[in-house]
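Reading through the structure tokens given below for one structure.
Note that ligands are numbered from 1 as they come in the structure, with each ligand's atoms numbered from 1 the same way. Numbers here simply count residues along the sequence, with the first being 1. Treat the numbers as computed from the prediction; the structure is a model and nothing was measured.
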Amino acid sequence: MTTNTSFLLAIEDLTVSFDGFKAIEGLNFYVEEKELRVVIGPNGAGKTTLLDLICGKTKATEGSIKFKGTELTKLAEHRIVWEGVGRKFQTPSVYEGLSVYENLEVSYPSGKGVFGSLFFKNTPEVDRKIRDTAAEIFLTDFLDRPAGELSHGQKQWLEIGMLLIQDPELMMLDEPVAGMSVREREQTAELLNRISKGRSVIVIEHDMNFVKEIARKVTVMHQGKVLAEGDMEKVQSDPRVIEVYLGH
Ligand code: ADP
Ligand code: MG
């Protein structure tokens, strides 16, 4: 297969084997610039493993992951971040003892490597970026609050903000609305629709009501492969999808 370089992300024939068990097997997956892609599928389908492979946390057994034409499978995790890939894990990991402001401040890209962080200065420009980001994630009124005092949903937003402030070209979110209230889910849908205007976003999600709010193109995974792909209507009416996933 030949890689079409017009895609921001082009994954071809990707396989990862854990002691012989193939969690991802011969997967092909393409994401365009400024696309918001939702990935759904039953538990164990390989969704989280796919994100682990893209961000370099897990190394592929076979296949290719090209991001803006650069092969990621051979790169270390921090190099993949530099390339412009940001990833949010399932459980929020914010610095509970630091304020919202400080959490965003420490996430501000301070240059590539140790010299960047040693000589980091909070300039008016950095301050502005922190405040703009806080506004985007609905946390302006919480800037001085310790992150540990935020609701679970607000912590999820803060972690999204900690990625946003690094301005990644591809942002990956694993079940971002888990544990959120109905109102917080609505706000998160709005947030994701907004941030995907400036970058590509891959969202893994289970909550079908939430998926309907944000989905344009949906990829359904099953047993480490792509089972179906298309708009919500198309995948929802696909008999194979109904059988393995939506039917339950
Ligand atoms: P999903 O996120 O779709 O629920 P996962 O990607 O977490 O699924 O897992 C896919 C399959 O791969 C599961 O059967 C899981 O047990 C297995 N798996 C994931 N990571 C590892 C690992 N590091 N070692 C062994 N098996 C793993
Ligand atoms: Mg998962």
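For ligand 1, the 4.0 Å heavy-atom shell takes in Phe18, Phe21, Ala23, Pro42, Asn43, Gly44, Ala45, Gly46, Lys47, Thr48, Thr49, ordered by chain and residue number.
Distances from the Mg ion (ligand 2) under 2.8 Å pick out these protein N/O/S atoms: Thr48 OG1.
Remark: the backbone N or O of Gly26 is paired with a side-chain donor or acceptor of Thr15 at under 3.5 angstrom. The backbone N or O of Glu96 lies less than 3.5 Å from no partner atom in the side chain of Lys155, so there is not a single donor-acceptor pair.
No side-chain heavy atom of Lys66 sits less than 4.5 Å from a side-chain heavy atom of Leu9.
For the side chain to side chain contact (heavy atoms under 4.5 Å, CB included) criterion with Met162, the lone passing option out of Val94, Thr133, Ile137 is Val94.
Remark: Arg37 qualifies as a cation-pi partner of Phe29 under the 6.0 Å distance and 45° angle criteria applied to the six-membered ring.
Using a 4.0 Å cut-off between charged nitrogen and carboxylate oxygen, Arg79 and Glu83 count as a salt-bridge pair. A salt bridge does not link Arg199 to Glu169: none of the charged side-chain nitrogens sits closer than 4.0 Å to a carboxylate oxygen.
Each ring pair (Phe, Tyr, Trp, His ring centres under 6.0 Å) pair with one or both residues in residues 151-170, not counting sequence neighbours, appears once here: Phe138-Trp157.
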If you look only at distance, which donor and acceptor atoms sit under 3.5 Å apart when one is on a side chain in residues 173-180 and the other is two or more places apart or in another chain?
residue : atom : partner : partner atom : Å
Asp174  : OD2  : Thr48   : OG1          : 2.8
Glu175  : OE2  : Gln90   : NE2          : 3.4
Glu175  : OE2  : His206  : NE2          : 3.4

